[in-house]
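Report on the structure given below.
No experiment lies behind these values; they were computed from the predicted model shown.
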Amino acid sequence: MAMWLQRLRLSCAVGTARQSLRSFAAASENKNSNSNNNNLDASPIDERHPLRGVRILDLTRIIAGPYCTMVLADLGAEVIKVERPHFGDEARKWGPPFLEKSGDAAYFLAPNRNKQSVCIDMKRGRDLMQQLVSKCDVLVENYVPGTLERYGLGYEQLRQANPRLIYCTISGYGSVGPYAKRPGYDVIASSMGGLLHITGQPDGPPSKVGVAVTDVATGLYAHGAILAALLQRERTQRGQKIDVDLLSTCCSLLINVASNYLNAGIEAKRWGTAHSSIVPYQSFKTADGYLTLGAGSDAQFVELCSRLNIEPIALDVKFKTNKDRVKNREELVNLLAKILASDSSKNWMRVFEGASFVVGPVNSIREVFEDEHIQAIGLVKTLPHPRDGSVKVVGPPVVYSEARNDARTAPPMLGEHTDKVLANLLGYGAEEIAELRSQGIIQ
């Protein structure tokens with residue numbers, strides 16, 4: 001572990017859907033043939049991976065927990081994902097679309113690369129689970145608080161045998177408080193945490209964000225907390241329990257909205273794509289789509305008016321300062337909307353090329369991955385898959401100058417590594433593994 005610390009410091013319909021997914025992947029392979037996007041010959045973990053030598057037992061499902069452990073796996077941690085025999089992570093069934101041969105949902109692929117899948121019945125395989133825990137640095141779980149204690153896998157139960165264990169619990173509401181025993185889901189935490197209340201059009205109903213942002217943010221908080229606990233363990237030689245929950249995470253995401261209420265008593269409202277304190281700062285309809293732009297300073301607003309050939313507007317007393325523009329928001333937004341609707345997003349981007357103010361088109365998902373910048377940086381990775389040939393994932397968004405942070409292996413098939421982990425890590429022989437399988441303890 002000391003070597004790891006040194007490295008870290010140095011680097012600081014279903015059938016149709018399955019067929020269509022396979023066909024789309026094959027067709028898009030030629031489109032995105034940039035060599036940076038091809039990771040079929042990914043090299044194994046080496047000394048450049050900051051978390052090489054850290055082993056994580058992953059008892060999580062869906063998004064928050066798997067996203068956390070995936071980020072750690074990208075950094076070189078060995079992640080053993082324990083799943084329920086013959087069923088697995090619920091996200092494997094969250095489709096269509098599905099992979100044609102393995103049958104896993106594309107949803108499951110998003111947060112599960114670089115992991116090994118082991119199928120163990122935790123109720124009947126307690127001894128087996130405890131043996132695995134004894135070999136691990138970190139355990140991450142997202143069961144309703146109290147569930148794992150019934151299987152002998154609670155923190156207080158496990159720390160006796162492994163006092164260096166870092167035990168991270170991800171839940172809906174934390175381990176204390178009146179909601180502690182409730183199951184947690186992204187959209188419910190986002191509802192109760194106010195995120196839906198501030199999302200959507202001003203005259204429309206509450207809206208959820210297009211992806212499970214509270215789940216993802218919770219996973220990111222958890223991954224950072226685990227790294228901090230690993231560092232602290234180097235000083236204390238002791239592990240600890242970490243609690244991360246969706247509702248607290250969602251509240252933390254309210255940032256200035258929360259601060260406005262807590263310090264000034266201002267209740268938030270929905271603004272659509274607009275900003276409560278900056279004008280203009282929103283999406284505008286163009287002749288063929290939408291364009292988002294923002295003038296964060298008075299100088300940027302002057303330049304925007306110049307590029308739109310409406311220089312007198314910048315001198316108008318109603319719009320000279322941001323305070324003026326906020327006060328006269330509706331008049332200015334209507335003026336800009338009429339102008340921007342007269343041409344295409346592509347042409348406006350040419351007009352605004354090199355501008356000091358921020359601007360960009362509202363892309364469809366197809367347009368996102370066909371964007372020249374996304375292709376140039378090689379963000380999409382192609383990984384070999386044992387049954388479906390290959391799968392594509394969005395690779396890590398963080399790049400290090402010294403360390404490695406990469407997508408190496410495809411999300412595992414259910415139970416793909418059960419025999420390997422039991423044999424190589426726990427020393428089980430073939431007959432012992434066969435006996436466990438015959439008893440239904442493993443798959």
Side-chain angles (χ1 to χ4, degrees), residues 17 21 24-25 28 58 60-74 89-99 104-115 140 142 170-172 183-201 204-224 244-255 257 270-274 282-283 289-290 292 360-371 373-374 377 379-381 391-398 407 411:
L21 182 62
F24 176 79
S28 61
D58 181 4
T60 68
R61 301 97 61 216
I62 315 299
I63 289 292
Y67 198 89
C68 165
T69 55
M70 180 186 73
V71 175
L72 297 169
D74 288 349
D89 186 328
E90 293 93 323
R92 290 183 183 273
K93 307 300 182 187
W94 283 12
F98 297 93
L99 293 175
D104 285 331
Y107 198 110
F108 174 78
L109 304 180
N112 283 294
R113 63 173 174 263
N114 293 339
K115 301 179 185 181
V140 188
N142 65 348
I170 299 174
S171 63
Y185 290 86
D186 172 272
V187 70
I188 304 303
S190 298
S191 297
M192 297 178 66
L195 188 58
L196 267 67
H197 174 70
I198 62 173
T199 304
Q201 291 302 313
S207 297
K208 74 180 187 70
V209 181
V211 295
V213 66
T214 299
D215 268 346
V216 171
T218 302
L220 290 173
Y221 268 126
H223 123 269
V244 189
D245 72 88
L246 299 177
L247 182 58
S248 296
T249 293
C250 188
C251 291
S252 77
L253 296 180
L254 296 178
I255 52 172
V257 170
R270 290 183 283 283
W271 286 96
T273 64
Q282 65 183 80
S283 296
Y290 287 87
T292 304
V362 177
N363 285 335
S364 68
I365 303 306
R366 175 184 60 79
E367 290 168 332
V368 169
F369 291 111
E370 290 183 355
D371 185 277
H373 183 83
I374 295 299
I377 64 175
L379 187 60
V380 175
K381 308 298 182 184
V391 296
K392 291 185 177 184
V393 298
V394 177
V398 179

[X] to [Y] - nearest heavy-atom pair and separation:
{"X": "G65", "Y": "N142", "result": "N-ND2, 4.5 Å"}
{"X": "V393", "Y": "A407", "result": "CG2-CB, 4.2 Å"}
{"X": "V391", "Y": "P411", "result": "CG2-CD, 4.2 Å"}
{"X": "C250", "Y": "L195", "result": "SG-CB, 3.7 Å"}
{"X": "G200", "Y": "S207", "result": "CA-OG, 3.8 Å"}

Which atom pairs, donor and acceptor, lie under 3.5 Å between side-chain atoms of residues 211-222 and protein residues at least two apart or in another chain?
unit_1, atom_1, unit_2, atom_2, d
T214, OG1, S190, OG, 2.8
T218, OG1, T214, O, 2.7
T218, OG1, T249, OG1, 3.2
Y221, OH, S252, OG, 3.0

Atom [atom1] in [X], atom [atom2] in [Y]: separation rounded to 0.5 Å?
{"X": "K93", "Y": "F108", "atom1": "NZ", "atom2": "CZ", "answer": "10.5 Å"}
{"X": "D371", "Y": "R366", "atom1": "CG", "atom2": "CZ", "answer": "11.5 Å"}
{"X": "E370", "Y": "N363", "atom1": "CD", "atom2": "CG", "answer": "10.0 Å"}
{"X": "R61", "Y": "N112", "atom1": "CZ", "atom2": "CG", "answer": "12.0 Å"}
{"X": "I374", "Y": "E367", "atom1": "CD1", "atom2": "CD", "answer": "13.0 Å"}
{"X": "M192", "Y": "L246", "atom1": "CE", "atom2": "CG", "answer": "11.0 Å"}

Go through the steps for L99 and L109 under the test side chain to side chain contact (heavy atoms under 4.5 Å, CB included), then give the verdict. CA-CA 10 Å; L99 293 175; L109 304 180; 3.9 Å; yes

Could you list the residues that satisfy side-chain contact (heavy atoms from CB on, under 4.5 Å) with P111, not counting sequence neighbours? I63, P66, Y67

Partners meeting salt bridge (Lys or Arg N to Asp or Glu O under 4.0 Å) with R270 (sequence neighbours left out): none

Show the numbers, then the answer: is there a side chain to side chain contact (heavy atoms under 4.5 Å, CB included) between I62 and W94? CA-CA 9 Å; I62 315 299; W94 283 12; 3.5 Å; yes

Do L254 and I198 come within less than 4.5 Å of each other through their side chains, counting heavy atoms only? yes

Is any side-chain heavy atom of C68 closer than 4.5 Å to a side-chain heavy atom of H223? yes

Using only atom types and a distance under 3.5 Å, with no angle test, would you say the side chain of [X] pairs donor to acceptor with the backbone of [Y]?
{"X": "R113", "Y": "V394", "result": "yes"}
{"X": "S283", "Y": "Y290", "result": "no"}
{"X": "D89", "Y": "R92", "result": "no"}

